[in-house]
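Whatever order the structure lists ligands and atoms in, that order sets their numbers, starting from 1. Because only heavy atoms are used, hydrogens play no part in the values below, and waters and symmetry mates are left out as well, while side chains stay in. Values in this document were obtained by computation on a predicted structure and should not be read as measured data.
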Amino acid sequence: MRMEKVNIKWEELGFDAIQTRSMFKATCSIDGKWSGGSLVPYGNIELSPAAGVLNYGQGVFEGTKAFHTSKDNIVLFRIDRNAKRMAWSTKRLCIPEMNPEFFKNAVVATLKDNFDYVPPYGKGSMYIRPIVWGTAPALGVRAVSEYTFMVFLSPVGSYFKAGVRPLNLKVETDYHRAAPRGIGNAKAIGNYSASLYPLTMAKKEGFDEVIYLDANNENQIEELGSANLFIVKDGIVKTPKLSGSILDGVTRNSVCKIASELLKLKVFETDVTINELIKSDEVFCTGTAVVVTPVGKITYNNEVYEINKNQPGPIAAKCKELLSAIQRQEIDDPFGWIKPVIKGS
Ligand code: COI
């Protein structure tokens with residue numbers, strides 16, 4: 001198929017929602033199964049002021065990306081993992097558990113209908129946002145009787161405005177992101193609203209993002225508001241283990257596999273202390289939105305620690321290069337992570 005594109009200034013893409021042709025929409029009752037749904041024109045939605053999502057935050061979402069590749073295909077990356085996490089997140093928030101096949105079909109249908117908004121090879125990616133929320137009214141605290149699922153998407157460039165400059169982060173000592181046995185490991189909208197105040201305060205002080213501490217042990221780090229975190233010391237890669245309050249990131253898992261299986265490095269999913277963090281040779285964060293972004297400065301209790309002389313580190317760079325090369329079909333996909341959706345001519 002010949003892939004003509006819409007008229008967008010691809011070089012100027014940041015990480016903002018750009019309206020596309022259509023979005024997917026389905027509804028489900030609390031005792032029902034997810035099925036059906038259809039593409040509708042992209043646009044605003046109507047909601048009761050008593051909707052469960054507005055009053056009690058009953059909503060979860062996903063983030064995944066599609067790429068226009070060097071082989072002229074449009075592909076999805078590890079969509080099975082997003083589908084699995086959506087099933088867990090819906091269950092945890094008392095939303096009818098979403099069937100992974102239903103989820104994947106909705107993502108594929110939305111992507112196909114908006115294929116001409118996918119940035120050309122080498123010019124960014126298509127960020128896909130499946131989201132589900134409680135639509136029916138609730139005045140008392142309870143799981144509501146009806147839910148809406150939508151998939152919308154937007155062409156994107158870099159998440160951080162700074163582009164490739166190493167990030168300037170602050171270790172957040174006043175607020176936690178998630179509580180033990182809370183909803184930190186579900187992609188719940190509430191996790192992100194909890195991060196807004198610390199993030200806004202940190203940005204006012206000139207930081208790009210914050211590093212949250214483990215609420216059980218404040219000597220250990222967890223993750224950023226928008227990404228997972230890795231450290232490297234003497235060639236050994238570590239990332240905080242999935243404790244229940246950390247998001248099981250798709251990029252986190254991919255980087256663990258790339259570092260251990262392709263770069264042959266020792267990788268540990270384990271406890272990571274602040275002391276290890278500030279003495280690291282490299283620090284970087286990972287996520288669908290942020291991809292692999294190096295960290296250059298960390299402030300902890302008003303002390304500033306420079307990581308790798310505030311330069312991007314070699315291991316982060318290699319992980320990013322291999323990840324991007326797999327996603328863009330520039331090298332073979334040794335893990336079976338790529339799912340072609342549209343084949344170019
Ligand atoms: C993602 O990386 O897809 C995320 O969900 C982080 C986001 C809140 C931008």
Open item on the list: Using a 3.5 Å cut-off on N or O atoms only, is Tyr159 in polar contact with ligand 1?
Closed with: no
TODO: State whether the side chain of Lys297 and the backbone N or O of Asn310 hold a donor-acceptor pair below 3.5 Å, judged by distance alone.
DONE: no
Open item on the list: Starting from atom 3 (O) of ligand 1, what is the nearest protein heavy atom, named by residue and atom, and what distance separates them?
Closed with: Tyr127 OH, 2.6 Å
TODO: Determine whether any heavy atom of Lys187 lies closer than 4.0 Å to an atom of ligand 1.
DONE: yes
Task: Charged N-O contact under 4.0 Å between Arg252 and Glu269 - done: yes
- [ ] Sort out for me which residue in Leu167, Thr293, Val290, Leu199 forms a side-chain contact (heavy atoms from CB on, under 4.5 Å) with Glu209.
- [x] Leu199
Task: Close N or O approach (Thr288, ligand 1; < 3.5 Å) - done: yes
Task: Pair Arg21 + Asp116: basic N to acidic O under 4.0 Å - done: yes
Task: Closest protein heavy atom to atom 7 (C) of ligand 1, given as residue, atom name and distance to 0.1 Å - done: Arg129 NH2, 4.1 Å
Open item on the list: Please work out, at 4.0 Å between heavy atoms, whether the side chain, the backbone, both, or neither of Glu62 comes within that distance of ligand 1.
Closed with: neither
Task: Minimum-distance protein heavy atom relative to atom 8 (C) of ligand 1 - done: Tyr192 CE2, 3.5 Å
Task: Residue of the set Asn228, Thr239, Val232 for which side-chain contact (heavy atoms from CB on, under 4.5 Å) holds with Phe284 - done: Val232
- [ ] Check the side chains of Ser22 and Asn114 for a donor-acceptor pair under 3.5 angstrom, ignoring hydrogens and angles.
- [x] yes
Task: Numbered atoms of ligand 1 (with element) below 4.0 Å of Gly63, judged on heavy atoms - done: 3 (O)
Open item on the list: For the CG atom on Asp174, are there more than 12 heavy atoms of other groups (residues, nucleotides or ligands in this structure) within a distance under 6.0 Å?
Closed with: yes
TODO: Could you tell me whether Lys233 and Glu276 have a side-chain N and a carboxylate O separated by less than 4.0 Å?
DONE: no
Task: ligand 1 atoms in contact with Ala289 (distance to a heavy atom under 4.0 Å) - done: 1 (C), 2 (O), 3 (O), 9 (C)
- [ ] Can you sort out which atoms of ligand 1 are near Phe61, meaning under 4.0 Å from one of its heavy atoms?
- [x] 5 (O)
Open item on the list: I need the atoms of ligand 1 closer than 4.0 Å to a non-hydrogen atom of Ser226, numbered in the order shown.
Closed with: 6 (C)
